[in-house]
Amino acid sequence: MFAEDKKRIIFIIIEGILCLSGVISTKNYLNRGLWFDEVLTVLEFSAYPKSLIEVYRNYVIPNNHILYSAFLKIWLYPASFFYYSNPILRLPSLIAGLSFVLIAFFLWKKEINESALFISLLAFTLSPIFTIYATAIRGYIFSILSISLAISALLFCEKRKYAYPLYCLFSFISVGIMPNNVLALFVSSFIPIIIRRQIFSFKFFLKYSLLPFACLVLFYLPIFPQFLKVISIKEGWNSKISALFSFYISLFFIFLIPFLSMFFSIFTHKISKREAIIYIFIFFIPAFFFIIRIPAPFPRTFLCFIPVWIFLFSLDLHKLFQYLITKKSVVFTKIIFMILSIATIINALVISLNKSDFSRIIFADEQDDFFSPYFMDSTFNPDDAIKNLITLTDKKTGIVFAEMAADHQSLLFSAIRMGMSENFILFDTPKKKIERFPLHNEDDKVFIIASSRENALKISRRFHLSENLEIKYDSPKQKIFEVKIR
């Protein structure tokens, strides 16, 4: 009885450490300003649609993570009591991120020992990926949670009758958030073959591997024309090699200790040819899509594979610890566990202190999805920019133009939240390009928000304005320039 109580206490402590590490990673980023994609999610896909059915039908670009948008529309009601503050809007994502960690640790320990799970999950909670996406007003962390729940249900399908319906449910939810989640669900269906050396059969393939595709068809069939248009949209990286390199090298450094442990684990137990093929397939299926798709997908597209990879990292760590206990001793294994845990923390600290360098070297001129994107920087503060702009304009509309490179959507959201009109800031859209400022008095002030003086000059020439620009507000992403009409 004492041993059981001791084990329960250790279990609670470990889960507490994992949650604490997740909170520490995110605490300084819950109040950050909303960026372009987040504003689209809140306004276009959640707030503006009049009903949940409209949210579903409003599938016009991949940014609409449909079931997440539907959830967010419901969440906006209680959020209104807190004036749609940034931390309140981001809170569900943090809860989802911590829930993934707790659920994975609690349910997967039936197959994998706690020490192995702890190291893999600690690497994740201390990573910049967790910091970015567990505070993002997007569906990525919800995808990770739903896929982990599908994996958990899959593990119990042989023992519990209710497990398969749950596997169906979580698969349906996953593809309803993002259609590309079907790939992670498909590869995760091979996990039972790895852990139990289960015989692969046509019946197994139909029941588990093809089910996510059936869920995909079922969810998107009523909006199939929109679905076809969305998947045909050409957006992403022009360089396939750069996208592939950035994705894998980022995950290698972020999960450095689990990756190295998995490598050493290969030498401690016999791997069948079938198991090796499944591992290669699971880890390199994103590479296939980076190569064949034009343009290459954004690296963040494949974040859905993280729960599958964390499971496999943990499984190999589990085998490594079992080998050490058998060949060495329990004490020696505990020492190795402590060394790996400390190494994981050190690796996370090194990345955290040098994330700007990682971002610059790995992502170069492309948008960084994994280390230090512009919207995670403390200098990105659209609320502050709008406060200054309100003072400068005396709340007049139609005298401010913002370029896309200055993240005009973030400025729009901040302006609306501060009670300004949606027309307070002018900007181009895919359907409408601003031709001129709606001014009548040549003495009126005009303001341009751009990411650089060079861009502001281009905009000024476009509207036939003076090139004598005076900077009124300066930040790396959003600079406010005052200019007079010619």
Side-chain angles (χ1 to χ4, degrees), residues 41 44-46 49-75 92 96 100 103 138-158 160-193 200-233 281-282 285-286 288-289 293 297 301-308:
T41 300
E44 299 295 333
F45 304 131
S46 297
K50 296 179 180 179
S51 66
L52 296 178
I53 293 297
E54 281 195 27
V55 172
Y56 175 65
R57 290 173 178 167
N58 191 27
Y59 192 56
V60 290
I61 54 176
N63 300 58
N64 185 4
H65 300 165
I66 295 177
L67 287 187
Y68 171 74
S69 299
F71 164 79
L72 185 61
K73 182 168 186 63
I74 297 169
W75 179 253
F100 158 67
I103 288 169
R138 307 284 282 122
Y140 294 104
I141 203 72
F142 284 82
S143 294
I144 289 173
L145 173 61
S146 60
I147 291 168
S148 70
L149 286 167
I151 293 172
S152 302
L154 188 63
L155 296 175
F156 288 92
C157 279
E158 290 182 358
R160 300 285 189 270
K161 290 182 179 180
Y162 60 78
Y164 188 72
L166 287 176
Y167 175 62
C168 298
L169 173 63
F170 295 131
S171 295
F172 186 79
I173 292 172
S174 296
V175 297
I177 297 173
M178 286 188 284
N180 53 286
N181 289 344
V182 72
L183 298 174
L185 291 166
F186 175 68
V187 298
S188 68
S189 69
F190 295 96
I191 285 176
I193 298 174
F200 182 79
S201 64
F202 185 67
K203 181 182 177 181
F204 175 91
F205 184 72
L206 287 177
K207 188 175 181 180
Y208 298 105
S209 304
L210 287 187
L211 176 87
F213 292 97
C215 292
L216 182 73
V217 171
L218 185 63
F219 187 88
Y220 290 97
L221 189 59
I223 53 170
F224 191 65
Q226 296 100 302
F227 177 76
L228 287 180
K229 288 181 181 178
V230 168
I231 63 175
S232 65
I233 292 175
F281 178 65
I282 289 175
I285 193 171
F288 174 75
F289 285 94
R293 193 177 184 278
T301 302
F302 299 108
L303 282 172
C304 54
F305 283 84
I306 280 183
V308 189

Are any non-hydrogen side-chain atoms of P212 and Y167 less than 4.5 angstrom apart?
yes
With sequence neighbours excluded, residues passing ring-ring contact (aromatic ring centres under 6.0 Å, His included) with F71
F142
Close side-chain approach of S152 and F170, heavy atoms under 4.5 Å
no
When rounded to the nearest 0.5 angstrom, what is the spacing between CD1 in I306 and OG in S148?
11.5 Å
F281 atom CZ, neighbour heavy-atom count above 12 within 6.0 Å
yes
Could you pull out the closest heavy-atom pair between A184 and V308, with the gap in Å?
O-CG2, 3.8 Å
Taking the six-membered ring for Trp, are Y164 and Y208 parallel (under 30°), tilted (30 to 60°) or perpendicular (over 60°)?
perpendicular
Nearest heavy atoms of F172 and L67, plus distance in Å:
O-CD1, 4.4 Å
Quick note, side chain to side chain donor-acceptor pair (under 3.5 Å) partners involving residues 212-232, not counting sequence neighbours, are none
Going by atom types alone, do T301 and N180 pair a side-chain donor with an acceptor below 3.5 Å?
no
Mind checking whether V187 and F305 have side chains closer than 4.5 Å, heavy atoms only?
yes
Does N64 use its side chain to pair, donor to acceptor, with the backbone of N58 at less than 3.5 Å?
yes
How many angstroms lie between atom CZ of F186 and atom OG of S171, to the nearest 0.5 angstrom?
12.5 Å
Hey, is the main chain of V55 close enough, under 3.5 Å, to the side chain of K73 for a donor-acceptor pair?
no
Decide if the gap between the ring center of H65 and the ring center of F45 is smaller than 6.0 angstrom.
no
Distance from L52 atom CG to I74 atom CD1, nearest 0.5 Å?
5.0 Å
Looking at CG of L221 and CG of L216, how far apart are the two atoms once the value is rounded to the nearest 0.5 Å?
10.5 Å
Does N63 offer a backbone N or O that forms a donor-acceptor pair with the side chain of R138 under 3.5 Å?
yes
For I177 and S146, which heavy atoms make the closest approach, and how far apart are they?
CD1-OG, 3.9 Å
For F156, which residues count as a ring-ring contact (aromatic ring centres under 6.0 Å, His included) partner, sequence neighbours excluded?
none
d(L166 CG, I173 CD1) to nearest 0.5 Å is 9.5 Å
Closest heavy-atom pair, F100 versus P307, reported as atoms and distance to 0.1 Å, is CE1-CB, 4.0 Å
Working note: W75 + Y68, criterion side-chain contact (heavy atoms from CB on, under 4.5 Å); need CA distance, chi angles, decisive distance, verdict.
CA-CA 10 Å; W75 179 253; Y68 171 74; over 6 Å; no
Are any non-hydrogen side-chain atoms of L183 and C304 less than 4.5 angstrom apart?
no
Donor-acceptor pair, side chain of S46 and main chain of S69, under 3.5 angstrom:
yes
Using a 3.5 Å distance criterion without hydrogens, assess whether the side chain of N181 forms a donor-acceptor pair with backbone atoms of S174.
yes
How far apart are the closest heavy atoms of I61 and V230, and which atoms are they?
N-CG2, 3.8 Å
Taking all non-hydrogen atoms of both residues into account, name the closest pair between A150 and L185 and its distance.
CB-CD2, 3.7 Å
So I223 and I66, side-chain contact (heavy atoms from CB on, under 4.5 Å) or not? Walk me through it.
CA-CA 12 Å; I223 53 170; I66 295 177; 3.9 Å; yes
